[in-house]
Structure formats: C-alpha cells, structure tokens
Amino acid sequence: MMQLIRRHPVWSFYILAFGIASVVAAGRYWLALRYFEGSGKPANYYAIVWDVQEKLGISNINVLSLARMSFEDPAILLSFFYAGAPTIAAIIIVFLIARRAGLRELFSRFKPWREGVSAAEGLRAYGSLTSVFLAFCLYFVLMSWAYGGEAGWEEIRPRIGSSIWIFSLYFLIGAFLREGGLLEELGWRGFALPRLIETMGSPLNASILIGIMWSTWHIPRDAGTYMISLPFGEYLLFLAMFTVALIGLSIIITYFYNRTGGSVIPAIMVHCLYVHMSSGLAYETLAWNDYGDFRSWLTVLLAFVILWIAGPELGRRNDEA
C-alpha cells in the first residue's frame, strides 16, 4: 500500500479527499432527513444552514459566522469537515510519504511569497490580484443594482456596509475567511498542483486536470442538493458548466501561485473571492441559470486573458521550468 501511495501521491490524495467528502456528505444527508422528517420538504442540508442563518440574522457566510451558527445547530460543523477534506487528505498523504519534513514543506506554502520571489514581486502579484477582484466585486454591486433596482440594493447593502472602510473589511473577510477557499486550498494548490506541474511538465495542463478533479470532488455534495432537485440531464449540464468554470478558476490560481513562488495565499484569496462575488454581492437575478452565471463567465474570460498574456507557462519562471 505504501509503495502505491508513493508512486501515485496525487491520486492517493484525491481518492482520500473524495472518500472523506463522501462520508461527510452522507452524514449531512442523514441529518437533513431527520431535520425535515414529516415536513414534506426535501432533505437539503443547506436548508438547515439557511434556517439558522436567517434565525441569527447573519448576512455573510464565512468560517467565523459558521462557527457561531454551529453553537445553534451542531450539524453545521460538518461544513468545516467537508471543506477541509482536501487539506486533511493532503496532510495524511504527506505524513505517510515524507513525515515531518514533508509537513514542514507543505505548511511553508502559507508564506505569502516563497524562495526566488522578492518582496516587491510578491506585492505586485497581490496588488494585481486584489485590483482584478475588487473590480469584479464592484461590477457585481452595479449589476445587482441594475437588475434588481431598490430590491437588489437592499439585498446586498448589508454585505457592503455604510462606508469605504466597512466595504474594505467585508472585502478582506470575503478574500480570506470563506470556508471553501480557506480550508481546501492547502490540498489542491499546496499539495496537488506542484506535483502535477512536476510530473506533467505544464502548468496549463496541470491546472486543467486540477479543475476537473476539483469539480468532480463536489459530486458528493451535489448528491444531497442538486441531484434531488434537478433532472439528471440538467444536472449533467450543470456539472459540465461548473467544470468549465473551475478549470478557468484553476488557471487564474496557478498564474498567481507561480507569481508568488508557490504560495497558497493567492489560491485562498481567488477561491474565496470567487464565492464571495455571487453569494455575497449578487442579487437573486444573477443566480445560476441554464447558461451558467455572470461570476463563472467572468472567471473564464479572465482565464483567457491570463493565457493570452502569460501563455501556457502561466507565470512560471525559467528557473522553475
């Protein structure tokens, strides 16, 4: 078994991450069945989260608000375990194949920029990332107002705040404290991405493969949400569009990952802000439809722009290649 894990560390990681997610998803579905028993409503775990969110008057979902909500209903703790599955799997696989030295290398990816990248280069990369996603967030605010009018503005206003300082605070929360980005990325970009770039020799090909792995890893989550509310053909269309969006997002992340020398901090920021744009700043008319959503198509567009500027190396330096 250990020989197999050492020969195929990325696939061992993925199988373990998928397995952990499947067990957690099964537990969430069972809790939802009990929660909605006799109500005639479908057993949707996220409806439990939304009920507690509404009860407590919470406008933004992040690790801090989820922790607060879990005191109201401990079932919400499972949100942490699902999102944390890739990181848990990465830590286990790294410990098995490289022990403490491997764990030191893995956690060193939380440095904002790594060896070979100067502070000036790192700060420029973060400045570019922040500028792009700040523009995206402002675009969503304007689109929510344009589509929803007064109702749209009233929906997103609590998530913006009453001043530029409050908006900046919400932006920072959105960039670092969304549970998916914060808890997943040490697995996807800290563990899997550098190994796939090394074995495949191409940052672009590695990004595409991670995008597919990342998308299909969500299937256990979908089994208790979209699969029970959508016809199977519609779900497959949703999965295809979702995969395209995550491939685009993966290309963006790899570009900033390379520009910071392999740090997972840009990955956390891009992932968190991707979620923050729609769930935090979009009026209901901007939700997912038969053709995807604005957030996803903006992401794909940005990925093409990065490919046009940086090429398939996606910002990888010559010494890394």
Least distance between heavy atoms, Ile20 atom then Ala89 atom: CD1-N, 4.3 Å
Are Tyr29 and Val23 in one and the same hydrophobic cluster, where Ile, Leu, Val, Met, Phe, Trp and Tyr link if side-chain heavy atoms are under 4.5 Å apart? no
Check whether Thr130 reaches the backbone of Gly127 with its side chain - one donor and one acceptor, N or O, closer than 3.5 Å. no
Separation of Glu313 CD from Asn258 CG (nearest 0.5 Å): 8.5 Å
Arg124/Arg259 under side-chain contact (heavy atoms from CB on, under 4.5 Å): CA gap, chis, key distance, verdict: CA-CA 9 Å; Arg124 280 198 298 270; Arg259 285 192 57 185; 4.0 Å; yes
Does a side-chain heavy-atom distance below 4.5 Å link Trp50 with Lys55? no
Kindly confirm or rule out a cation-pi arrangement of Arg99 over Phe95, judged by NZ or CZ under 6.0 Å from the six-membered ring centre and within 45° of its axis? yes
Donor-acceptor contact below 3.5 Å, side chain Ser39 vs main chain Phe36: yes
Would the distance check show the side chain of Glu185 and the main-chain N or O of Ile268 forming a donor-acceptor pair, the cut-off being under 3.5 Å? no
Determine all donor-acceptor pairs shorter than 3.5 Å in which one atom belongs to a side chain in residues 76-85; sequence neighbours excluded.
unit_1, atom_1, unit_2, atom_2, d
Ser79, OG, Tyr45, OH, 3.0
Ser79, OG, Ile76, O, 3.3
Tyr82, OH, Trp217, O, 3.0
Tyr82, OH, Arg221, N, 3.2

Leu66 vs Asn62, side-chain contact (heavy atoms from CB on, under 4.5 Å): CA-CA, chis, key distance, verdict: CA-CA 6 Å; Leu66 281 173; Asn62 54 63; over 6 Å; no
For residues Ile247 and Ile251, determine if any side-chain heavy atom of one lies less than 4.5 Å from a side-chain heavy atom of the other. yes
Cation-pi, Trp214 ring and Arg189 (6.0 angstrom, 45 degrees): yes
Return the CD1 to CG distance between Ile210 and Leu246, rounded to the nearest 0.5 Å. 11.5 Å
Heavy-atom closest pair, residues Leu96 and Arg6: O-NH2, 3.8 Å
Kindly indicate whether the side chain of Thr243, heavy atoms from C-beta on, has any atom under 4.5 Å from the side chain of Phe238. no
Looking only at atom types and distance, does a side-chain atom of Thr199 sit under 3.5 Å from a main-chain N or O of Leu196, one as donor and one as acceptor? yes
Is it true that Tyr257 and Arg109 share a donor-acceptor pair across their side chains at a distance under 3.5 Å? yes
Does CZ in Arg7 sit with more than 12 non-hydrogen atoms of other residues, nucleotides or ligands closer than 6.0 Å? yes
Would Val10 and Ile212 show up in the same hydrophobic cluster when neighbours are defined by side-chain heavy atoms closer than 4.5 Å? yes
Counting C-beta onward and ignoring hydrogens, is there a side-chain heavy-atom pair between Ser118 and Trp113 closer than 4.5 Å? no
Is it true that a side-chain atom of Ser263 and a backbone atom of Thr260 form a donor plus acceptor pair closer than 3.5 Å? no
pair Leu314-Leu307: side-chain heavy atoms closer than 4.5 Å: yes
Other residues, nucleotides and ligands only: do more than 12 of their heavy atoms fall within 6.0 Å of CE on Met2? yes
Using a 4.5 Å cut-off on heavy atoms from C-beta on, say whether the side chain of Tyr274 contacts that of Ser296. yes
Distance-minimising heavy-atom pair for Leu186 and Ala90: O-CB, 4.4 Å
Output the distance between atom CG (Leu249) and atom CZ (Phe242), rounded to the nearest 0.5 Å. 9.5 Å
Looking only at atom types and distance, does a side-chain atom of Tyr14 sit under 3.5 Å from a main-chain N or O of Pro86, one as donor and one as acceptor? no
Any link between Ile15 and Ile92 through a network of hydrophobic side chains (Ile, Leu, Val, Met, Phe, Trp, Tyr) touching at under 4.5 Å? no
For the pair Glu105 and Arg114, find out whether any cationic side-chain nitrogen is under 4.0 Å from an anionic carboxylate oxygen. yes
What's the shortest heavy-atom distance between Ser207 and Thr254, and which atoms? OG-OG1, 2.6 Å
Consider only side-chain N and O atoms of Asp73 and Tyr35, and report whether a donor and an acceptor are under 3.5 Å apart. no
For Ser22 against Pro220, the heavy-atom pair lying closest together: OG-CG, 3.4 Å
Side chains of Pro203 and Tyr255 in contact at under 4.5 Å (non-hydrogen atoms): no
Output for pair (Met69 CE, Leu64 CG), nearest 0.5 Å, gives 12.5 Å
Between Thr87 and Leu183 (side chain of the first, backbone of the second, donor and acceptor by atom type, cut-off under 3.5 Å), is there such a pair? yes
Between CD on residue Glu72 and CG on residue Asp51, distance to nearest 0.5 Å: 11.0 Å
Can you name the closest pair of heavy atoms from Cys272 and Leu177 and give their distance? SG-N, 4.2 Å
Rounded to the nearest 0.5 Å, what's the gap from CG on Leu302 to CH2 on Trp297? Could you check? 14.5 Å
Taking C-beta and beyond as the side chain, do Ile219 and Tyr235 meet within less than 4.5 Å on heavy atoms? yes
Between the main-chain N or O of His271 and the side-chain N or O of Arg178, is there a donor-acceptor pair closer than 3.5 Å? no
Short side-chain to backbone donor-acceptor contact, Arg195 and Phe191, under 3.5 Å: yes
